[in-house]
Amino acid sequence: MSAADSPHLFYRRVIFEVEPGLCRVAMEDEHHRFELAVGHDGEQITSVHSQAKRTPWSVCPQAERKLQAFVGQPLRQRISSRLSGIDAKQQCTHQYDLLTVALAQALSPGRREYVSRVRGAMHEYRHAELFLDGRQLLDWRLRGTRIDSQDVFDQRDLRDLMGWAEAELDDPTLEALYVQRRAVMVAASKGYNLDLVPNAGVAMRARAGACFVFQPERADQALRMRGSTRDDVQQAADLLSDWGIPLVNL
């Protein structure tokens, strides 16, 4: 089945609201909802508060204590996937990503909104788009993790392009990649009934050490939050609805 014919649509919506001294962040997709309040003094992060409002595993909210490693991190114009003093695999992957982008967003007051849409999300051939404030930034066809596009990402593989990207891309394009790469990866789980997995330990063979939950010392205690996956998301407006209407109608 081609992406154009597939009924499987996956959405992720990410919002940044920045004012002096504070960057508020919200992210929601079918499997997750996180909200973060990131305090800063104009030069570095001074506080991080997290609300894990919907998560796939019972221990996900406990990752907030690991987020405190971001306190003291300098704000920056350019994002980096490797931050000094922070082990990404000991963090909640999604909140780590949000904070990494927030380090750059916090320097620009105002509101910005990313919307990702992946058509054919659970198939080999997929169509992934990313919008920022209603304007399309990325338009990819994918076969597995290989990108077919009319931009600098053509024929790159999502699994191993970050080193090249951090060396070669401009700041806005690198940020767009960082947001979209995670959305595409999560979209691949659409169509799987995660409620059949009793705890994260069952999936350790494929995911061992990948994030806070999938560490050997806690995976077996990370129980599946049954019913946490939303099956009613038909458009971007169904996500973060209490944060306002999306600027793009998808």
Practice task
Verify salt bridge (Lys or Arg N to Asp or Glu O under 4.0 Å) between R82 and E166, making sure each step is shown before the conclusion.
Solution key: CA-CA 10 Å; R82 296 176 294 275; E166 292 191 6; 3.2 Å; yes
Practice task
Apply salt bridge (Lys or Arg N to Asp or Glu O under 4.0 Å) to R141 and D151, showing your working.
Solution key: CA-CA 11 Å; R141 267 66 177 179; D151 57 22; over 6 Å; no
Exercise for the section: For the pair L137 and Y114, evaluate side-chain contact (heavy atoms from CB on, under 4.5 Å) and give the outcome as yes or no after the intermediate values. Expected result: CA-CA 10 Å; L137 295 183; Y114 282 105; 3.9 Å; yes
Handout entry: CA sep, side-chain torsions, deciding dist, call: E64, K66, salt bridge (Lys or Arg N to Asp or Glu O under 4.0 Å)
Key = CA-CA 5 Å; E64 181 180 21; K66 296 291 186 178; over 6 Å; no
Exercise for the section: Using the side-chain contact (heavy atoms from CB on, under 4.5 Å) rule, take Q91 and I86 through it: C-alpha gap first, then chi angles, then the decisive distance, then the call. Expected result: CA-CA 8 Å; Q91 298 278 339; I86 301 179; 3.7 Å; yes
Exercise for the section: Before giving the answer on side-chain contact (heavy atoms from CB on, under 4.5 Å), spell out for H49 and S47 the whole-Å C-alpha distance, their side-chain angles and the decisive distance to 0.1 Å. Expected result: CA-CA 7 Å; H49 299 287; S47 63; 4.2 Å; yes
Handout entry: Working for side-chain contact (heavy atoms from CB on, under 4.5 Å), residues L99 and V48
Key = CA-CA 9 Å; L99 281 168; V48 178; 4.1 Å; yes
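Distance check: L9 CG to R119 CZ gives 4.5 Å after rounding to the nearest 0.5 Å. Note that the CZ atom of R226 and the CG atom of N193 stand 9.5 Å from one another [nearest 0.5 Å]. How far CD of Q235 is from CZ of R117: 11.0 Å, rounded to the nearest 0.5 Å. Note that CG of L36 is 6.5 Å distant from CG of L67, once rounded to the nearest 0.5 Å. Atom OG of S189 is separated from atom CG of D29 by 8.0 Å, given to the nearest 0.5 angstrom. Distance check: M225 CE to L194 CG gives 13.0 Å after rounding to the nearest 0.5 Å.
In the hydrophobic cluster analysis, where Ile, Leu, Val, Met, Phe, Trp and Tyr join through side-chain heavy atoms closer than 4.5 angstrom, V184 is grouped together with L169. Note on V179 and V152: same hydrophobic cluster, where clusters join Ile, Leu, Val, Met, Phe, Trp and Tyr whose side-chain heavy atoms are under 4.5 Å apart, directly or indirectly. Using a 4.5 Å cut-off between side-chain heavy atoms of Ile, Leu, Val, Met, Phe, Trp and Tyr, with links allowed through other members, Y11 and W243 fall into different hydrophobic clusters. Residues L240 and M27 are members of separate hydrophobic clusters, defined by side-chain heavy-atom contacts under 4.5 angstrom among Ile, Leu, Val, Met, Phe, Trp and Tyr. When the side chains of ILVMFWY residues are joined at heavy-atom separations under 4.5 Å, either directly or via intervening members, V101 and V14 end up in a single hydrophobic cluster.
Counting only distance, with no hydrogens or angles, the side chain of D154 and the backbone of S149 share a donor-acceptor pair below 3.5 Å. Checking side-chain atoms of D171 against main-chain N and O of L174 turns up no donor-acceptor pair under 3.5 Å. One N or O on the side chain of S58 and one on the backbone of L223 form a donor-acceptor pair closer than 3.5 Å. For R181 (side chain) and L158 (main-chain N/O), a donor-acceptor pair under 3.5 Å exists by modelled atom type. Counting only distance, with no hydrogens or angles, the side chain of D238 and the backbone of Q234 share a donor-acceptor pair below 3.5 Å.
H40 and T46 share no donor-acceptor pair across their side chains, judged by distance under 3.5 Å alone. No hydrogens or angles considered: a donor-acceptor pair under 3.5 Å links the side chains of D157 and T145. Q44 and Q73 form no side-chain donor-acceptor contact under 3.5 Å, judged by distance and modelled atom types alone. In this model, a donor atom of one side chain and an acceptor atom of the other lie less than 3.5 Å apart for Q95 and S50. Donor-acceptor pairing under 3.5 Å is lacking for the side chains of T100 and D97.
The closest side-chain heavy-atom distance from E113 to F131 is not below 4.5 Å. Using a 4.5 Å cut-off on side-chain heavy atoms (C-beta onward), E28 and R13 make no contact. Within the 4.5 Å cutoff, side-chain heavy atoms of F34 are placed close to those of H94. The shortest side-chain heavy-atom distance between Y96 and R182 does not fall under the 4.5 Å cut-off. Residues E17 and L22 are not in side-chain contact: their nearest non-hydrogen atoms beyond the backbone lie 4.5 Å or more apart. Between P198 and R224, every side-chain heavy-atom pair lies at or beyond the 4.5 Å cut-off. With a 4.5 Å cut-off on side-chain heavy atoms, H32 and V186 count as touching. With a 4.5 Å cut-off on side-chain heavy atoms, I45 and L103 count as touching.
Within a 6.0 Å radius of CG in L196, more than 12 heavy atoms belonging to other residues, nucleotides or ligands are found. When the shell of 6.0 Å around NZ of K53 is examined, it contains more than 12 heavy atoms from other residues, nucleotides or ligands. Crowding of Q155 atom CD: a count of heavy atoms from other residues, nucleotides or ligands under 6.0 Å exceeding 12. Applying the 6.0 Å contact sphere to CG of N249 captures no more than 12 heavy atoms from other residues, nucleotides or ligands.
E30 pairs with exactly one of R54, R12, K190 by the salt bridge (charged side-chain N to carboxylate O under 4.0 Å, His left out) rule, that one being K190.
Stacking of R218 on the aromatic ring of F212 is recorded, both the 6.0 Å distance cut-off and the 45° axial limit being met.
What you find for A176 and L130 is that their closest heavy atoms are O-CD2, 3.4 Å. Of all the heavy atoms in V213 and A222, the pair that sits closest is CG1-CB, 3.6 Å. In plain terms, the two heavy atoms of L177 and W140 that are nearest each other are CD1-CH2, 3.8 Å. Closest heavy-atom contact between V248 and G134: CB-CA, 3.7 Å. The shortest heavy-atom contact between G201 and D220 is CA-OD1, 3.3 Å. The minimum heavy-atom distance linking A104 with E175 is given by the pair CB-OE1, 4.2 Å.
The pair E124-R143 counts as a salt bridge, with a side-chain nitrogen and a carboxylate oxygen less than 4.0 angstrom apart. Of the charged side-chain nitrogens involved, at least one lies within less than 4.0 Å of a carboxylate oxygen, so that R230 and D232 count as a salt-bridged pair.
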